[in-house]
S.K.: 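Dropping the structure in here first, questions after.
Computation of the quantities below employed the complete heavy-atom set of this structure, encompassing side-chain atoms and omitting hydrogens, waters and symmetry-equivalent molecules. Keep in mind it's a predicted model, so treat the numbers as computed, not measured.
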Amino acid sequence: MSLLVKSTPNGRAIVKVTPESAGWKHVGFEGVRLAAGESLNLDLPFDREGCLVVLTGRIDVSVGEENWKNLGGRASVFDDRSTDAVYAPPGSTFVIHAHDAAELALASAPATGKHPARLIPAASMKRMVRGQGSNTRYVCDVLPETEPAESLLVVEVVTPAANSSSYPPHKHDTDNLPVESSLEETYYHRIDPPQGFAFQRVYTDERDLDESMAVGDHDVVMVPRGYHPVVMPHGYRGYYLNVMAGPHREWHFKNDPAHDWLMPR
């Protein structure tokens with residue numbers, strides 16, 4: 001089975017990954033489109049929490065008795081600003097109404113219901129620059145481990161044209177805290193301009209897993225284990241939304257020893 005999940009160019013459903021389709025235990029992801037004026041209900045299973053990220057457009061969202069108006073507002077995921085997100089516990093339904101054409105992402109992972117539904121406003125999200133030179137990328141923590149959730153970690157990254165990202169190659173597939181944590185991961189890619197592509201490789205030390213992919217706009221790459229660097233060609237910016245989850249809600253990674261010398265010390 002390929003680790004590359006191709007998107008659908010038209011219609012409401014863009015792309016979807018479930019634990020069953022991925023052959024793993026934790027991460028679920030789906031992307032959806034809504035036209036202006038459309039409404040949609042997104043249901044969470046009774047054993048999975050969810051984080052709804054407003055990638056583009058403006059929407060209203062309600063979860064149970066909670067209601068939030070005019071969330072989002074970005075015209076593009078490449079806008080130099082954060083967006084809004086909504087966290088919901090297992091068994092919840094996101095009731096969504098789109099004011100504009102909207103693109104939404106729903107991340108999910110196992111949970112028991114310890115935390116109530118809440119808005120994660122754009123203003124609360126930490127933004128940072130990571131790397132230097134042609135390894136520079138721009139990071140926004142949507143749902144980091146410092147914020148309440150049971151399993152989910154969600155982050156978005158913009159990589160300039162001709163730059164690398166998730167680099168030096170690193171992995172988080174071994175339960176060896178605090179040195180390394182075991183986390184499944186999905187990459188939801190957007191490309192600017194959209195006819196471009198990204199390169200992503202997923203590989204292990206033993207090379208029992210070694211897949212290199214040309215990734216198109218709206219495609220998903222699944223990372224069950226191994227190192228997983230991304231490179232953008234000249235002329236094309238990259239965006240990806242990462243969803244991670246595993247047995248412990250901590251992100252500790254190990255660089256590929258062959259390339260660790262690239263990490264600034």
Side-chain angles (χ1 to χ4, degrees), residues 1 3-5 14-32 42-55 63 83 85-94 104-118 120 125-126 139-157 165-166 170-189 200 202 204 209 219-230 239-254:
M1 181 183 72
L3 300 178
L4 177 61
V5 183
I14 301 173
V15 67
K16 187 171 184 176
V17 174
T18 67
E20 292 75 21
S21 69
W24 59 28
K25 297 180 179 179
H26 300 280
V27 171
F29 176 85
E30 63 180 299
V32 297
L42 289 175
D43 299 320
L44 290 173
F46 287 96
D47 58 352
R48 298 182 69 79
E49 64 186 355
C51 180
L52 180 72
V53 183
V54 189
L55 298 177
V63 177
T83 189
V86 174
Y87 172 87
S92 298
T93 297
F94 294 95
L104 311 175
L106 177 60
S108 68
T112 59
K114 295 180 180 179
H115 304 291
R118 73 180 190 278
I120 306 172
M125 297 178 187
K126 183 179 179 181
V139 179
C140 175
D141 277 334
V142 177
L143 185 57
E145 60 188 83
T146 54
E147 298 299 323
E150 292 187 59
S151 297
L152 278 172
L153 297 166
V154 182
V155 61
E156 55 180 10
V157 178
S165 194
S166 296
H170 68 267
K171 72 181 184 75
H172 38 74
D173 59 13
T174 303
D175 193 5
N176 183 29
L177 295 174
V179 176
E180 184 179 351
S181 52
S182 177
L183 295 168
E184 303 161 355
E185 185 169 19
T186 53
Y187 278 67
Y188 177 61
H189 287 270
Q200 186 159 17
V202 180
T204 60
L209 176 61
D219 291 347
V220 167
V221 171
M222 302 183 296
V223 183
R225 56 194 175 98
Y227 309 101
H228 40 275
V230 174
Y239 164 98
Y240 52 78
L241 183 75
N242 284 142
V243 179
M244 292 182 282
H248 303 285
R249 192 171 178 258
E250 297 182 44
W251 183 54
H252 299 280
F253 62 87
K254 175 190 174 186

S.K.: Search all heavy atoms of R249 against all heavy atoms of E145 and return the closest pair with its distance.
M.R.: NH1-O, 3.3 Å
S.K.: Are the side chains of R225 and S182 in touch, meaning some heavy atoms are under 4.5 Å apart?
M.R.: no
S.K.: So how far is it from M125 CE to T83 OG1, rounded to the nearest 0.5 Å?
M.R.: 6.5 Å
S.K.: Just so I know, are the side chains of L241 and V154 near enough to count as touching, which here means a heavy-atom distance under 4.5 Å?
M.R.: yes
S.K.: Could you check whether any side-chain heavy atom of R48 comes within less than 4.5 Å of a side-chain heavy atom of P19, counting everything from C-beta outward?
M.R.: yes
S.K.: Are the side chains of L153 and V243 in contact, using a 4.5 Å heavy-atom criterion?
M.R.: no
S.K.: Over 60° means perpendicular and under 30° means parallel, so classify the ring planes of H228 and Y187, tilted if in between.
M.R.: perpendicular
S.K.: Please report the interatomic distance OH(Y227) to CG(L209), rounded to the nearest 0.5 Å.
M.R.: 12.0 Å
S.K.: Write down the atom of V27, the atom of M244, and the distance for their closest heavy-atom approach.
M.R.: CG2-C, 3.9 Å
S.K.: Of the non-hydrogen atoms in G113 and P89, which two are nearest, and what is the gap between them?
M.R.: CA-CB, 4.5 Å
S.K.: Do NZ/NE/NH1/NH2 and the carboxylate oxygens of E180 and K171 come within less than 4.0 Å?
M.R.: yes
S.K.: Of the options D43, L52, L44, which is the one that meets S92 in a side chain to side chain contact (heavy atoms under 4.5 Å, CB included)?
M.R.: L44
S.K.: Using side-chain contact (heavy atoms from CB on, under 4.5 Å), reason through V54 and L104 one step at a time and then give a plain yes or no.
M.R.: CA-CA 5 Å; V54 189; L104 311 175; 4.0 Å; yes
S.K.: Do E20 and T18 have side chains that approach each other closer than 4.5 Å (heavy atoms only, starting at C-beta)?
M.R.: yes
S.K.: Can you find a heavy atom in the side chain of V142 that is under 4.5 Å from one in the side chain of V155?
M.R.: no
S.K.: Indicate whether any N or O donor in one side chain lies under 3.5 Å from an N or O acceptor in the other, for H248 and E250.
M.R.: no
S.K.: Heavy atoms only: give me the nearest H252-L177 pair and the separation to one decimal.
M.R.: CD2-CD2, 3.5 Å
S.K.: Nearest 0.5 Å, what's the CG-OH distance between N242 and Y188?
M.R.: 13.5 Å
S.K.: How close do C51 and I120 get, counting heavy atoms only, and between which atoms?
M.R.: SG-CD1, 4.3 Å
S.K.: Could you state the interatomic distance from NZ (K16) to OG1 (T186), rounded to the nearest 0.5 Å?
M.R.: 13.5 Å
S.K.: With rounding to the nearest 0.5 Å, note down the distance linking CG in D141 to CD in E147.
M.R.: 9.0 Å
S.K.: Angle class for the H172/W251 ring planes (parallel below 30°, perpendicular above 60°, tilted otherwise)?
M.R.: perpendicular
S.K.: Roughly how far, to the nearest 0.5 Å, is the NE2 atom of H189 from the CD atom of Q200?
M.R.: 4.0 Å
S.K.: How close do F29 and G31 get, counting heavy atoms only, and between which atoms?
M.R.: CE2-N, 3.8 Å
